[in-house]
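Numbering of residues begins at 1 and proceeds along the displayed sequence. Whatever order the structure lists them in is the order used to number ligands and atoms, beginning at 1.
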Amino acid sequence: MKLYYAPGTCAVACWIALEWAGAEFEAVRADSASEAFRRVNPLGMVPALDTGGPRAMTQSDAILTYIAETHPDARLGTDDDVHGRFEFAEIMAFLTGDFHPAFWPFFTPQRYTTNHALQALDDVRAAAHTRIDRVMQHLDRMIGQGSHVYRGRRTVADAYAFVMARWTSKLDKTWKDYPNVARFYARMEQDLTVQDVLRRST
Ligand SMILES: N[C@@H](CCC(=O)N[C@@H](CS)C(=O)NCC(=O)O)C(=O)O
């Protein structure tokens with residue numbers, strides 16, 4: 001199995017999840033602009049997970065859920081009751097559909113305006129800050145008094161939320177400014193597997 005990743009991206013969450021799961025895999029640094037990687041994922045985005053099937057798997061949410069489901073002993077996925085499955089799906093949908101896209105205009109403002117003057121790009125970034133603050137506040141509420149994203153225990157959603165919350169380190173208002181996220185983040189930083197993946201995925 002091969003995980004295609006780029007440093008600092010959401011693909012690093014899949015790397016952490018694969019390590020937590022005890023999976024056998026090789027991490028391959030992808031050049032998302034290259035023709036070779038376009039043959040792996042025509043969208044040119046990481047993560048992609050090649051499990052030897054006819055095509056590589058894509059989409060973080062789907063890959064993380066796949067990792068959890070194929071390694072049930074690691075207990076990285078949903079509880080098996082209808083509300084548990086709903087809550088897990090709701091969290092993953094929030095992370096992939098609201099949290100992640102809030103950062104896109106910050107990282108790639110040129111995709112969100114036809115005016116590529118520096119001021120125009122700065123304006124797009126400034127607008128992104130409001131959306132990022134909104135999703136960070138929501139993540140803070142979801143974590144609440146605990147130290148995990150889902151039902152007070154470690155799941156792939158922790159890896160996903162952590163890797164993306166790290167992106168706020170580049171902003172004036174960082175993860176440290178959200179008390180529950182800060183506690184969750186500190187716990188993740190103490191995780192030896194997380195430390196190892198962050199070191200190796202640069
Ligand atoms: N919907 C995709 C989005 C993946 C995505 O945005 N990946 C970023 C890194 S976090 C990427 O590869 N960006 C390259 C690009 O946009 O060209 C997913 O959830 O996996």
- Closest to atom 8 (C) of ligand 1 (heavy atoms only, candidates Thr9, Val46, Ile63) is Val46

- Hey, what's the ring geometry for Tyr5 with Trp15, parallel, tilted or perpendicular (30° and 60° as the breaks)? perpendicular

- Query: Taking atom CD1 of Ile63 and atom OG1 of Thr51, what is their separation to the nearest 0.5 Å?
  - Reply: 9.5 Å

- Message: Between Met45 and Val12, is there shared hydrophobic-cluster membership here, with clusters defined by ILVMFWY side-chain heavy atoms closer than 4.5 Å?
- Response: no

- Nearest protein heavy atom with distance in Å, relative to atom 13 (N) of ligand 1: Met45 CG, 4.1 Å

- Task: Looking only at protein heavy atoms, identify the closest one to atom 14 (C) of ligand 1 and say how far it is in Å.
- Result: Gly44 O, 4.0 Å

- Please state which protein non-hydrogen atom is closest to atom 19 (O) of ligand 1 and give its distance, to 0.1 Å? Ser60 OG, 3.2 Å

- Message: Checking a contact table here: which protein heavy atom is nearest atom 10 (S) of ligand 1, and how many Å away?
- Response: Cys10 SG, 3.0 Å

- When the aromatic ring centroids of Phe107 and Trp167 are compared, is their separation below 6.0 Å? yes

- Message: How far is atom 1 (N) of ligand 1 from the closest protein heavy atom, and which atom is that?
- Response: Gln59 OE1, 2.6 Å

- Co-members of the apolar cluster containing Phe37 [side chain, <4.5 Å]: Tyr4, Val28, Val40, Val46

- For ligand 1, is there an atom lying under 4.0 Å from some heavy atom of Arg111? yes

- Message: Tell me whether Tyr112 shares a hydrophobic cluster with Leu171, the cluster being built from Ile, Leu, Val, Met, Phe, Trp, Tyr side chains joined at under 4.5 Å.
- Response: no

- Determine whether any heavy atom of Asp61 lies closer than 4.0 Å to an atom of ligand 1. no

- Task: Identify, by atom number and element, the atoms of ligand 1 in contact range of Pro47, meaning under 4.0 Å from any of its heavy atoms.
- Result: 20 (O)

